Amino acid sequence: MTTTRRRGLALGCGFAIAATMLAGCLQNPNAVGGGGAAGGGSVVDNAETDGDKVVTVMGAFGGAEADAFRESLAEFEAETGIRIEYNPDSDFTNLIRLRTSSGQQPDIAIFPQPGGLLELAEQGYVEPIDTYLDYDELDRTLLPGFLESARLNGRVYGAPMRMAVKSIVWYPKAAYEAGGWNTAPANLDELAEVAAEISATGTPAWCMGWESGQGTGWPGTDWIEELMLRMWGPDVYDDWVTNRIPFNDERVVAAFDALGEMIDAPNNVRGGRSGILSTAFGDAMLPAFADPPGCYLERQGNFVTGFLPEGVQANLDEEVGLFIYPPAAEGEYTGQPMLGGGDLAALMNGNDPDAIEVMRFLTSDRFGGPWASAGGWLSPHSTFDVSLYPDEITRTTAEFAASADVFRYDGSDLMPNAVGAGSFWDGMIEWLQGTKTAEQVTTDIQNSWPVDDSAKDEGDGS
């Protein structure tokens, strides 16, 4: 996790929650530039270690996650004779820049968000995946659109090793089902009907909290991202997160307005606007498990179960229900999108056949069985064996993701750091407080967009 992002989530949440679009990067005079094939060792020569059956991997996750990662590699190491040395560091984003600039980069780096990966790819330090992976086969098994997060100037430079998903609605199973409410709304209109039915009983429908210390406001950005995907579709979403359309485009303002209508509907959200801002995001759903519930629904990522009461966590399948946050009923886009994140593996030593072999395994649907069984890990492949997950909640979450029509990476993690972890968060607070309108907030955010973080060109990826 990078220390330059302010988002206050625990490291074990499995999200790329600490991200940065790094500016003023260290320049490499030998870089290929322009997003061309870096060739890994063709930029910084690691040839002396090639073919020695040792592959170095660096990432951000440590502790129990690192143990599960190593366990998931054990069978591969035994079969191939390749020894994989994984070195985690919580300051990964800064350290990978320093090590790369000094010629000490690992053979493989696992990036918790795309910004640092694309920065080093632009300098020529990362091998494009189409030079060593079967792009079409990989794209076939991955959730649709996942590879777009690692695209630069028409080529893709990383592939996901794991994923996290956000487009899930959670509810207290027994109380919700006793109310007789729809457990699978087909679209946002049906979901609004459910919320209205719950609110009519005198209990607010939605649990919501945006407080997160210095990162207060980030949960609100997820709501805007979800609505942008559903109201306008992935193409407009891509244009928005890269600033090919301005942040104050009328479609973005419309997403703010739609969220405002939901929040301001009578008795729809526990505590209203002031309650949202004063409630810690990790505590937001706790009232749902009181007797009687203080609210019923929360839209949040798959990490949310780690914040539930201990008794609930001990019996998730019986205590917690979930459904996918549904698509729009009509309009520009009616497909089912999935918002989320993931860890992206990237090859930094293209001269090493052993590193290439490891990358092929890490990015395949064969990787991750032991980690999946231990819990806290989701495969980005729709073809992964879901029976390996430890509980029905995780299996259902994975199936929701696999059934989505398109996957898109968390937008604020794709935006420049000054926006995605700065003005966007701050703007959500000002908008929620009512001190600024949607038009004013989105214009402020647009004006904060760094001039040198212009949108990258598109391409066909192979």
Side-chain angles (χ1 to χ4, degrees), residues 16 28 30-47 50-51 55 57-59 76 80 82 96 100 105-111 113-163 234-235 238 242 341-368 379-384 406-409 414 455-462:
N28 170 25
N30 299 315
V32 174
S42 65
V43 175
V44 180
D45 192 3
N46 290 338
D50 291 349
V55 174
V57 179
M58 182 178 171
F76 171 84
T80 62
I82 298 172
I96 191 65
T100 300
Q105 74 270 35
D107 296 316
I108 295 169
I110 300 177
F111 291 81
Q113 50 75 232
L117 167 59
L118 295 180
E119 175 200 358
L120 294 180
E122 191 164 32
Q123 295 178 59
Y125 286 117
V126 181
E127 186 79 21
I129 68 170
D130 59 90
T131 63
Y132 61 92
L133 297 178
D134 186 330
Y135 180 94
D136 292 335
E137 178 63 18
L138 180 64
D139 194 40
R140 183 187 67 80
T141 64
L142 286 173
L143 272 64
F146 215 129
L147 292 175
E148 293 305 308
S149 62
R151 185 181 300 283
L152 174 70
N153 296 332
R155 303 185 81 173
V156 173
Y157 287 83
M161 177 273 294
R162 67 168 168 176
M163 74 167 176
D235 292 339
D238 293 343
T242 55
D343 292 281
L344 302 168
L347 180 66
M348 305 194 77
N349 184 4
N351 289 334
D352 188 0
D354 296 331
I356 290 173
E357 193 66 23
V358 173
M359 278 293 296
R360 288 173 177 163
F361 176 65
L362 279 180
T363 60
S364 75
D365 60 2
R366 296 176 290 117
F367 170 76
S379 173
H381 294 271
S382 61
T383 49
F384 184 78
V406 67
F407 179 94
R408 280 298 183 268
Y409 212 96
L414 294 170
K456 303 293 188 285
D457 294 334
E458 292 185 294
D460 63 7
S462 56

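It should be emphasised that the depicted structure is a prediction, and the values quoted were computed from it without experimental measurement.
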[X] versus [Y], closest heavy-atom pair with distance:
X    : Y    : result
A159 : I129 : N-CG2, 4.5 Å
A355 : I108 : O-CD1, 3.6 Å
P114 : L414 : CG-CD2, 3.4 Å
L147 : P160 : CD2-CD, 4.1 Å
I96  : P106 : CD1-CD, 3.6 Å
P234 : R408 : CB-NH2, 3.6 Å

Verify, without hydrogens or angle tests, whether Y409 (side chain) and G342 (backbone) share a donor-acceptor contact under 3.5 angstrom. yes
Looking at H381 and R140, would you say the former's side chain and the latter's main chain have a donor-acceptor pair under 3.5 Å? no
Taking the inter-plane angle between the rings of F146 and F407 on a 0 to 90° scale, is it parallel (under 30°), tilted (30 to 60°) or perpendicular (over 60°)? parallel
How many angstroms lie between [atom1] in [X] and [atom2] in [Y], if you round to the nearest 0.5 Å?
X    : Y    : atom1 : atom2 : answer
M58  : Q105 : CE    : CD    : 11.0 Å
L344 : S149 : CG    : OG    : 4.5 Å
L347 : M359 : CG    : CE    : 6.0 Å
D107 : D354 : CG    : CG    : 8.5 Å
E148 : D238 : CD    : CG    : 6.5 Å
R155 : Y135 : CZ    : OH    : 11.5 Å

Less than 4.5 Å apart, any side-chain heavy atom of V156 and any of D130? no
Would you check if L120 and F111 make a side-chain contact, meaning some heavy-atom pair closer than 4.5 Å? yes
If the condition is side chain to side chain donor-acceptor pair (under 3.5 Å), which residues does T383 pass it with, not counting sequence neighbours? D365
Going by an N to O cut-off under 4.0 Å, is there a salt bridge joining D134 and R360? no
Assess whether side-chain contact (heavy atoms from CB on, under 4.5 Å) is satisfied between L118 and E122, documenting all intermediate values. CA-CA 6 Å; L118 295 180; E122 191 164 32; over 6 Å; no
Evaluate D136 against D139 for side-chain contact (heavy atoms from CB on, under 4.5 Å), listing each step before the verdict. CA-CA 5 Å; D136 292 335; D139 194 40; 5.6 Å; no
Full working for side-chain contact (heavy atoms from CB on, under 4.5 Å) between T80 and F76: CA-CA 6 Å; T80 62; F76 171 84; 3.6 Å; yes
